[in-house]
Amino acid sequence: TRVIEKKKPRNVTSTEEYRYGNFFGAEIVRWNRADNKIEPLYDMFDFASPDHDIFESAAWTSTDLACSGPDTVEALDYHHVSSVSVGSESNILVASRDLNTVWSLAHDGSGVQWTLSSRLKSDFRFAKDADKFYQPHDVLQMPNGNLLVVDDGTNRPGCAHATQYAGCWSRAVMYELDFDAMVAKLVWQFEFP
C-alpha cells in the first residue's frame with residue numbers, strides 16, 4: 001500500500017473535493033518461491049490516479065492505516081483491489097471495486113494488456129449501457145477467454161442513498177471480449193434480487 005497526499009485548494013466544488021486528501025493505492029506483487037521474497041510487479045497508481053481518474057461516488061471507501069508508531073492516516077482506498085487472479089493467457093486480472101474497472105496485466109511485469117471499465121478509459125465498449133458492471137467484487141477468466149464477474153452493483157446509476165437504492169442489484173455476469181470490434185458482449189447473467 002502506498003499513500004499519496006493531495007493538498008486541497010480553497011473554494012473547490014463538491015466534484016473537485018474528491019481530488020484532494022490522502023489516497024491509499026494498491027501494488028500487485030508476486031512471491032518468488034526460490035528466494036522466499038515478495039517482488040513488486042505493478043504500482044496501480046501508474047494505471048489510475050486521483051490526479052486524472054476521479055469521479056463523484058457514494059461508494060468510495062475510506063480507511064485508517066497505522067504505518068508506524070501510534071499515528072494513523074485516514075485516506076480514501078482509491079484502487080480498492082477486490083481480486084487478483086490468473087487469466088487464460090497467463091495474464092493477471094485485477095478488479096478495482098471503487099473504480100469499476102478490470103485490468104489485464106502481463107504476468108512478466110511489462111504492462112497493461114487491456115482495460116475494461118464502466119467509469120475510466122476502457123479499451124472495450126459495452127454493447128449496451130445496462131451491460132456495464134459496477135463495483136466488481138471478483139473476476140475470473142474462463143479457458144475460452146470469457147470473463148466471469150461478480151458485480152456488486154453498489155455504484156450503479158440510480159443506486160444511491162438519496163434514491164433509497166432504487167437501482168441497486170447484484171449479479172454474476174459473463175462477458176465475451178470481442179477483440180475485433182473491441183466490444184464486451186453480455187453472454188449471461190444472474191441477478192439478485
Side-chain angles (χ1 to χ4, degrees), residues 1-6 18-19 22-55 57 60-61 63 65 67 75-127 131-152 155 172-187:
T1 300
R2 187 169 71 124
V3 179
I4 61 171
E5 181 180 359
K6 300 291 179 188
Y18 286 102
R19 296 184 189 275
N22 294 318
F23 297 87
F24 292 147
E27 188 174 67
I28 306 302
V29 299
R30 70 175 157 209
W31 173 37
N32 182 326
R33 293 181 189 183
D35 297 338
N36 195 27
K37 295 194 189 266
I38 301 295
E39 301 172 344
L41 275 179
Y42 294 103
D43 180 341
M44 297 307 292
F45 280 125
D46 292 339
F47 310 126
S49 169
D51 291 331
H52 310 287
D53 305 309
I54 197 80
F55 46 86
S57 168
W60 288 112
T61 306
T63 189
L65 177 68
C67 296
L76 191 87
D77 185 2
Y78 179 71
H79 296 109
H80 196 116
V81 169
S82 54
S83 77
V84 177
S85 62
V86 176
S88 61
E89 301 292 323
S90 297
N91 50 321
I92 300 169
L93 291 171
V94 177
S96 174
R97 192 189 82 165
D98 290 354
L99 295 176
N100 307 311
T101 300
V102 173
W103 286 280
S104 176
L105 307 176
H107 74 281
D108 62 2
S110 61
V112 174
Q113 297 171 322
W114 50 260
T115 303
L116 177 62
S117 181
S118 300
R119 295 298 296 256
L120 302 182
K121 183 178 180 202
S122 181
D123 294 311
F124 296 89
R125 65 178 175 78
F126 290 87
D131 297 345
K132 293 179 180 180
F133 56 79
Y134 293 90
Q135 297 222 305
H137 193 84
D138 190 25
V139 63
L140 298 172
Q141 192 168 32
M142 310 308 286
N144 66 358
N146 286 357
L147 295 183
L148 183 60
V149 179
V150 175
D151 175 7
D152 284 353
N155 204 25
V173 62
M174 184 180 288
Y175 299 100
E176 175 188 349
L177 300 180
D178 182 339
F179 282 89
D180 293 326
M182 298 308 284
V183 174
K185 299 176 183 175
L186 186 72
V187 176

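Along the sequence shown, residues carry numbers from 1.
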Problem set entry | Closest approach of Asp98 to Gln135 (non-hydrogen atoms, all atoms of both residues) | OD1-NE2, 2.9 Å

Seminar exercise, completed: On a heavy-atom basis, the closest approach of Leu93 and Leu140 is CD1-C, 4.1 Å

Problem set entry | Check: Ser122/Ser117 side-chain N/O donor and acceptor closer than 3.5 Å | no

Seminar exercise, completed: When every non-hydrogen atom of Trp103 is compared with those of Ser96, the smallest separation belongs to CZ3-CB, 3.5 Å

Exercise. Atom CG in Asn36, atom CD1 in Ile38: separation rounded to 0.5 Å?
Worked result: 7.5 Å

For this session: Please identify each residue that fulfils ring-ring contact (aromatic ring centres under 6.0 Å, His included) with Tyr134, with sequence neighbours left out.
Result: none

For this session: Please answer whether the main-chain N or O of Val139 pairs with a side-chain N or O of Ser83 as donor and acceptor at a distance below 3.5 Å.
Result: yes

For this session: Quick one: pull up CG in Leu147 and CG in Leu116 and give me the separation to the nearest 0.5 Å.
Result: 6.5 Å

Exercise. Got a second to check how far Asp151's CG is from Ser118's OG, nearest 0.5 Å?
Worked result: 7.5 Å

Exercise. CG/Asn100 to NE2/His80 distance, rounded to the nearest 0.5 angstrom?
Worked result: 11.5 Å

Problem set entry | Partner set under side chain to side chain contact (heavy atoms under 4.5 Å, CB included) for Asn146, not counting sequence neighbours | Met142, Asn144, Met174, Glu176, Val187

For this session: Start with the C-alpha gap between Phe45 and His79, add the side-chain angles, then the distance that decides, and say whether ring pair (Phe, Tyr, Trp, His ring centres under 6.0 Å) holds.
Result: CA-CA 8 Å; Phe45 280 125; His79 296 109; 4.8 Å; yes

Problem set entry | Closest non-hydrogen atom pair between Met44 and Val94, with its separation | CE-CG1, 4.1 Å

Problem set entry | Rounded distance [0.5 Å steps], CZ in Arg97 versus OG in Ser82 | 7.5 Å

Problem set entry | Close side-chain approach of Phe133 to Val150, heavy-atom, < 4.5 Å | no

Exercise. Can you list the steps and then say if Phe47 with Tyr42 is a ring pair (Phe, Tyr, Trp, His ring centres under 6.0 Å)?
Worked result: CA-CA 9 Å; Phe47 310 126; Tyr42 294 103; 5.7 Å; yes

For this session: Taking all heavy atoms of Ala127 and all of Asp131, pick out the closest pair and write down the distance.
Result: CB-OD2, 3.7 Å

Exercise. For the residue pair Arg30 and Asp108, what are the closest heavy atoms and their distance?
Worked result: NH1-CA, 4.4 Å

Problem set entry | Atom pair CE (Met182) and CG (Asp123), whose distance is rounded to the nearest 0.5 Å | 5.0 Å

Exercise. Tell me, do Phe124 and Asp178 make a side-chain contact under 4.5 Å, heavy atoms counted?
Worked result: no

